[in-house]
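Here is the structure we will look at.
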Amino acid sequence: MRYATAFLLSIAAFAEIKITWRFEGGNLGRVERVDAAHYRAHLAGESDQDRRNRQANWYYFQVEAPANQSLVIDLVSLPGEYNYKPNRGAVTADTPPVISFDNKTWNHVEAFEYDAAEPRMTLRITPKTGRFWIAHVPPYTSVHLAALRKFAGSQIVETTAGYSVEKRRIPLWTIGNGPKTVWLFFRQHSWETGSSWVGEGLVRHLISAEGVPLRQAITWKIFPLPDPDGVSRGGVRFNKFGYDLNRNWDVNGVEKMPEITAQRAAIKAWLASGHTIDLLFSLHNTETAEYLEGPPANGGEGKYTALAERFFALLETQTSFAPTRKLFFSDSSTTAGMNGRMNVIQGLYKDFGIPGFLMEQRVSAQPKYGRKPLIADRLRFGRELADTIAATLRK
Ligand SMILES: [Zn+2]
């Protein structure tokens with residue numbers, strides 16, 4: 001009996017833990033083994049074309065480990081820079097990872113410690129099964145998008161706006177045929193999967209029976225996947241060459257930024273064919289802030305004040321949007337005096353005078369949900385968003 005016990009113990013001690021991320025959207029820098037049940041996982045992070053603005057808040061990896069044995073994983077290499085200002089990183093005690101045992105259902109890791117000094121996020125996990133997945137927020141890949149596309153069938157008219165640096169297709173969806181036009185951008189930044197889940201909720205609502213009046217009143221133009229390369233490799237916010245997909249809307253660089261060039265051309269063609277764009281909206285995620293940024297310079301002389309205030313008031317009172325600051329109107333650029341620093345609403349306002357809105361939704365705990373948002377919350381907001389945009393334009 002003694003021998004049998006020793007034998008079992010030695011098997012447990014030698015059970016290899018395997019951490020991998022070679023699948024769509026998967027990403028991690030490297031992994032160090034501290035001991036058999038303790039690993040340090042370095043986030044890869046990404047920097048821009050000038051090796052600035054490092055952001056390390058996308059990770060998505062699979063762990064194979066013995067079930068029912070405790071395991072410690074430290075997430076490190078967190079510090080970065082945002083709009084040229086250094087920070088301790090986007091991964092903090094406010095933003096612990098999500099974990100899944102089936103790669104579909106995601107919940108937040110409960111047992112973690114955040115050490116702001118290093119900084120380091122330490123996860124203590126005792127898996128119920130021999131395989132699980134960890135990510136910053138619930139992943140959304142091209143597989144999810146293809147399933148949605150298939151589900152929608154002929155309700156979505158799909159065209160190709162252009163191709164990414166790595167020659168992946170940038171789809172443009174049209175739903176409905178109403179006299180007004182709403183143009184939507186989801187997931188300009190590849191780490192912001194929450195934006196994609198909202199987009200999915202919105203599309204499912206539009207194509208449902210309840211969506212009939214929305215489709216009759218409005219033509220919905222949607223960019224559901226503006227950065228297919230980033231989504232594929234598990235990127236953060238830059239394209240293959242390091243260009244931020246929500247800056248650089250003031251420069252034309254077909255070779256280095258085919259994604260932005262393709263999107264701008266689609267909008268230009270729509271306007272050139274005699275159509276209008278009554279409202280443009282781009283949805284993003286941040287760690288802890290939630291807000292709505294209105295049309296740049298308010299369209300001059302308060303041209304869009306009424307529209308923006310109506311939209312904000314409806315969002316605040318009728319939906320789960322929980323702003324951390326009041327409505328404000330965008331500046332003409334994110335970084336005064338620098339080229340390549342206009343975001344999508346700033347650039348398209350400069351070129352075409354389109355009333356654009358940019359929303360950020362947090363991934364940390366949100367008062368209207370009473371917890372950190374999960375997939376169901378994002379899908380719900382998608383429905384609410386479609387209804388709110390329609391109500392805003394009804395007047
Ligand atoms: Zn973003």
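None of these values were measured; they are calculated from a predicted model. Below, all heavy atoms of this structure are taken into account, side chains as well, without hydrogens, waters or symmetry copies. In each ligand, atom 1 is the first atom listed, and ligand 1 is the first ligand listed.
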Practice item. Tell me, with the steps shown, if His284 and Ser282 meet side chain to side chain donor-acceptor pair (under 3.5 Å). Key: CA-CA 7 Å; His284 292 256; Ser282 178; 2.9 Å; yes
- Message: Distance alone, cut at 3.5 Å: any donor-acceptor contact between the side chains of Asn285 and His189?
- Response: no
d(Arg51 CZ, Glu81 CD) to nearest 0.5 Å is 13.5 Å
Q.
Do Tyr369 and Leu374 have side chains that approach each other closer than 4.5 Å (heavy atoms only, starting at C-beta)?
A. no
Should Asp351 and Arg264 count as an ion pair when the cut-off is N to O under 4.0 Å? yes
Protein-side N, O or S atoms sitting under 2.8 Å from the Zn ion (ligand 1) are His189 ND1, Glu192 OE1, Glu192 OE2, His284 ND1
* Verify the distance criterion only: is there a donor paired with an acceptor across the side chains of Thr334 and Gln346 at less than 3.5 Å? => no
